[in-house]
Amino acid sequence: MKKRVSLLAAAVTAAAVLLFAAASFLLPGRRQDAMGHTPDLSREYLVTQYADASGAQGTFYTIENDSSFLIIDGGWAENEQAVREVIGAHGNVVDAWIISHPHRDHAGAFNAVFADPGEIEIKAVYDNGFDYDFIESVGEPYDDITMMETYHALTADDPRVTHLARGQVTDICGLTFRVLNAYDDTVLAAVGDEKDYQNNASLLLRVESAHSSMLFCSDIKYDMNDTLLAAWGSAGADLLSCDYVQTGHHGNWSFSDEFYDATGASVFFFDAPSGITENADFPASRLASYLSEKNGTVLDFRTAPNRVTLK
């Protein structure tokens with residue numbers, strides 16, 4: 001009997017150890033990033049890229065420290081439950097939710113959560129300041145326009161919503177956000193015959209902590225390459241230089257090699273599965289190879305969740 005009790009006690013102890021180890025791994029402060037660094041969230045920020053539950057390309061990032069939790073985009077509507085689970089693991093409080101532009105693979109989950117938050121508290125929302133009436137009149141060639149219409153209906157009169165503008169510098173959760181692209185006349189002047197206003201007007205954000213920075217390129221396409229490189233590259237304000245980059249438009253039909261070279265970054269995120277990043281039919285495969293050959297770390301959904309630290 002004593003032996004049986006001892007074995008039971010040993011099993012319970014072993015299980016407890018395993019559970020503690022698992023729980024410890026899930027704690028934000030104990031998660032290693034892609035560079036093997038374990039962030040100290042009392043003074044550093046952990047950036048996490050998630051794959052999309054739809055299995056398709058999509059954009060969903062979180063940035064967190066001990067006192068704040070923010071989301072960038074959120075992916076497809078099919079990703080809603082995954083987003084809710086991540087928010088739940090952070091006390092059901094979102095200090096800031098940034099929507100780069102209202103396309104399905106970026107704002108779908110947000111629309112679902114915002115329409116029916118349940119126990120979730122969303123304190124602030126930021127977007128690219130798109131002109132609803134203009135997009136409604138010219139149409140949407142690359143997405144379901146009802147996604148924009150739903151987003152507009154949900155947020156138009158909400159006092160928590162801030163429309164970000166080009167050149168704006170703002171503090172969000174203790175981080176400095178520099179807005180390098182948003183919806184305005186600069187985009188209208190640069191967009192070509194495809195009339196892809198929404199993608200090209202999506203937010204280009206430089207996020208800065210005390211000693212690190214990351215560039216979020218959203219879904220900006222090649223139309224804006226020269227304009228943004230001239231304005232913010234080394235010949236302009238020199239604000240493209242950073243440590244980490246979320247590549248534009250999931251790595252496809254977006255910025256030039258020169259643009260990414262100007263960042264000098266060491267880690268590049270592709271918000272896509274391997275069916276895109278390893279498929280020669282997509283420009284992302286060539287870009288991923290190019291960045292890898294230049295000794296950059298390339299991360300996509302194969303290894304997600306992927307993490308880096310803003311130190």
Side-chain angles (χ1 to χ4, degrees), residues 47 49 57-63 70-75 94-111 114 122 124-132 134-135 140 142-143 147-148 151-152 155 160-173 175-188 190-191 196-208 213-225 227-229 231-233 237 239-240 242 244-255 259-260 263 265 269-271 310:
V47 180
Q49 175 207 44
Q57 67 180 31
T59 298
F60 174 30
Y61 287 81
T62 61
I63 306 178
L70 68 90
I71 296 174
I72 296 178
D73 289 340
V94 181
D95 294 292
W97 199 323
I98 300 169
I99 299 298
S100 65
H101 66 300
H103 272 178
R104 290 176 293 173
D105 53 340
H106 294 258
F110 170 85
N111 281 358
F114 199 78
I122 301 170
V125 178
Y126 299 84
D127 66 26
N128 68 331
F130 69 95
D131 185 330
Y132 170 80
F134 174 78
I135 301 298
E140 170 53 77
Y142 289 100
D143 202 69
M147 181 59 55
M148 179 198 70
Y151 176 84
H152 179 71
T155 63
R160 292 172 292 177
V161 178
T162 298
H163 306 307
L164 296 173
R166 184 186 312 274
Q168 184 175 353
V169 181
T170 187
D171 179 283
I172 302 176
C173 298
L175 290 165
T176 298
F177 280 71
R178 297 183 185 271
V179 184
L180 308 185
N181 194 63
Y183 181 93
D184 60 10
D185 289 342
T186 300
V187 172
L188 299 184
V191 169
D196 193 357
Y197 296 107
Q198 283 286 43
N199 278 327
N200 284 298
S202 57
L203 292 170
L204 175 59
L205 298 173
R206 177 183 166 87
V207 184
E208 303 170 359
S213 59
M214 181 166 179
L215 205 62
F216 286 90
C217 299
S218 306
D219 265 10
I220 304 171
K221 294 172 70 178
Y222 47 77
D223 306 60
M224 300 300 298
N225 183 84
T227 298
L228 295 174
L229 191 57
W232 308 118
L239 289 176
L240 297 184
C242 60
Y244 320 117
V245 174
Q246 176 247 338
T247 57
H249 201 245
H250 314 272
N252 292 307
W253 305 288
S254 186
F255 295 125
F259 182 96
Y260 291 114
T263 70
F269 291 87
F270 286 72
D271 299 332
L310 292 171

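Rounded to the nearest 0.5 Å, atoms CD1 (Ile98) and CG (Leu164) are 7.0 Å apart. For the atom pair Phe269 CZ and Met214 CE, the distance stands at 4.5 Å (nearest 0.5 Å). Atoms NE2 and CZ, on His250 and Phe270 in that order, are 12.0 Å from each other to the nearest 0.5 Å. Annotation: the span from Asn200 atom CG to Asn181 atom CG amounts to 8.0 Å, rounded to 0.5 Å. Distance check, rounded to the nearest 0.5 Å: CG of Asp143 to CG of Asp105 gives 6.5 Å. Residue Met224 holds its CE atom at 14.0 Å from NE2 of His249, rounded to the nearest 0.5 Å.
Listed here is the closest heavy atom pair of Val245 and Ala265: CG2-CB, 3.6 Å. Here the shortest heavy-atom pairing between His103 and Met147 reads C-CG, 3.7 Å. Residues Cys173 and Asp95 share a closest heavy-atom pair of SG-CB, 3.7 Å. Across all their heavy atoms, Leu70 and Ile72 have their closest contact at CD1-CG1, 4.1 Å. Across Met148 and Phe130, no two heavy atoms sit closer than the pair CG-CE1, 3.4 Å. For Tyr126 against Ala124, the heavy-atom pair with the smallest separation is CE1-CB, 4.0 Å.
Looking at Arg178, its side chain never comes within 3.5 Å of a backbone N or O of Leu239 through a donor-acceptor pair.
Here the side chains of Ile63 and Phe216 are in contact, with some heavy-atom distance below 4.5 Å. Between Val179 and Leu205, some side-chain heavy-atom pair lies under the 4.5 Å cut-off. Looking at Leu180 and Leu240, their side chains come closer than 4.5 Å, going by heavy atoms from C-beta outward. Residues Tyr61 and Asp271 meet the side-chain proximity criterion, which asks for heavy atoms closer than 4.5 Å. With a 4.5 Å cut-off on side-chain heavy atoms, Thr263 and Phe255 do not count as touching. In this structure, Phe177 and Val207 have side chains that are in contact, with non-hydrogen atoms separated by less than 4.5 Å. Contact check for Thr170 versus Thr162: no side-chain heavy atoms found under the 4.5 Å cut-off. Using a 4.5 Å heavy-atom threshold, the side chains of Arg166 and Asp185 count as separate.
Counting non-hydrogen atoms of other residues, nucleotides and ligands closer than 6.0 Å to CG of Asp171 gives a total above 12.
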Should Asn199 and Tyr142 be marked as a side chain to side chain contact (heavy atoms under 4.5 Å, CB included) after you check the CA-CA gap, both sets of side-chain angles, and the distance that decides it? CA-CA 8 Å; Asn199 278 327; Tyr142 289 100; 4.3 Å; yes

Determine, stepwise, if the pair Tyr244 / Leu310 fulfils side chain to side chain contact (heavy atoms under 4.5 Å, CB included). CA-CA 9 Å; Tyr244 320 117; Leu310 292 171; 4.2 Å; yes

Fill in: side chain to side chain contact (heavy atoms under 4.5 Å, CB included) between Trp97 and Phe114, intermediate numbers included
CA-CA 10 Å; Trp97 199 323; Phe114 199 78; over 6 Å; no

>> Test ring-ring contact (aromatic ring centres under 6.0 Å, His included) on Tyr151 and Phe110; report intermediate values, then the result.
In response: CA-CA 9 Å; Tyr151 176 84; Phe110 170 85; 5.6 Å; yes

request  = Run the numbers on Asp127 and His163 for side-chain hydrogen bond (donor to acceptor under 3.5 Å, both in side chains), then give the verdict.
outcome  = CA-CA 5 Å; Asp127 66 26; His163 306 307; 2.7 Å; yes

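Tested against Thr155 for a side-chain contact (heavy atoms from CB on, under 4.5 Å), the candidates Val161, Ile99, Asn111 yield a single pass: Val161. With Gln198 as the partner, the side-chain contact (heavy atoms from CB on, under 4.5 Å) test is satisfied by one option alone out of Asp219, Ile135, Val191: Ile135.
Relative orientation of the His101 and His106 rings is tilted, given thresholds of 30° and 60° on the angle between their planes.
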